J.: 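So that we are looking at the same thing, I have put the structure below in structure tokens.
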Amino acid sequence: MTDTPFLDINELAELLQRTPGSIRNQIFRDPGALPPRFSKPGERMLWHRDDVEAWIARRREESQARALGQRRKAGSRLLVES
């Protein structure tokens, strides 16, 4: 990766452990499932590193909250079934 605060599609794909092709597909199919793009229409696609890192952190927190909620739900079922 470079010293610039911006990531190109290849760097984003590497960071998200995806292929550049899958990123391109997702841009058109479900852009909300990717970090927000920084680029202007008609220009090279770029993502600001800070935006990507914040997006990853939010996704991690949401995932952890869902997992905790599922464990609590499973735990309450066990109490009821006992």
Side-chain angles (χ1 to χ4, degrees):
M1 290 193 194
T2 62
D3 291 333
T4 177
F6 299 100
L7 302 171
D8 65 19
I9 195 165
N10 295 317
E11 293 168 322
L12 179 68
E14 182 180 332
L15 187 62
L16 298 180
Q17 298 179 350
R18 298 181 187 173
T19 65
S22 70
I23 299 291
R24 282 186 196 90
N25 286 337
Q26 202 150 26
I27 287 168
F28 296 106
R29 292 180 185 196
D30 188 11
L34 291 171
R37 272 193 296 171
F38 184 80
S39 58
K40 297 176 186 175
E43 293 184 13
R44 189 170 77 142
M45 290 184 281
L46 297 172
W47 290 262
H48 196 282
R49 189 178 307 275
D50 292 343
D51 293 342
V52 173
E53 290 173 359
W55 180 84
I56 290 170
R58 279 193 307 276
R59 301 272 298 214
R60 185 180 304 122
E61 289 170 6
E62 291 167 2
S63 177
Q64 290 171 347
R66 277 193 305 274
L68 181 59
Q70 289 172 352
R71 278 183 271 176
R72 285 184 179 159
K73 190 174 180 180
S76 64
R77 262 188 271 144
L78 290 174
L79 293 174
V80 172
E81 292 174 3
S82 298

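Because the structure is a prediction, the values reported are computed rather than measured.
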J.: With sequence neighbours left out, what residues match S22 under side chain to side chain contact (heavy atoms under 4.5 Å, CB included)?
T.: R18, T19
J.: Measure the shortest side-chain to side-chain distance between I56 and L15 over non-hydrogen atoms and say whether it is less than 4.5 angstrom.
T.: yes
J.: Judged by atom type as modelled, is there a donor-acceptor pair below 3.5 Å linking the side chain of W47 to the main-chain atoms of P35?
T.: yes
J.: What pair of heavy atoms forms the shortest contact from P20 to A13, and how long is it?
T.: N-CB, 3.6 Å
J.: Mind checking what makes side chain to side chain contact (heavy atoms under 4.5 Å, CB included) contact with P31, not counting sequence neighbours?
T.: none
J.: Do any pairs count as a side chain to side chain donor-acceptor pair (under 3.5 Å) and have a residue in residues 51-62, sequence neighbours left out, and if so which ones?
T.: none
J.: Once you measure the plane-to-plane angle for F38 and F6, does it fall in the parallel (<30°), tilted (30-60°) or perpendicular (>60°) bin?
T.: tilted
J.: Going by side chain to side chain contact (heavy atoms under 4.5 Å, CB included), R37 matches just one of I9, I27, L46. Which one?
T.: I27
J.: Taking side chain as C-beta onward, heavy atoms only, is N10 less than 4.5 Å from I23?
T.: no
J.: Taking all atoms of both residues into account, what is the closest heavy-atom pair of T4 and R49, and its distance?
T.: O-NH2, 3.3 Å
J.: Sequence neighbours left out, what passes side chain to side chain contact (heavy atoms under 4.5 Å, CB included) with A33? Give chain and number order.
T.: Q26, D30
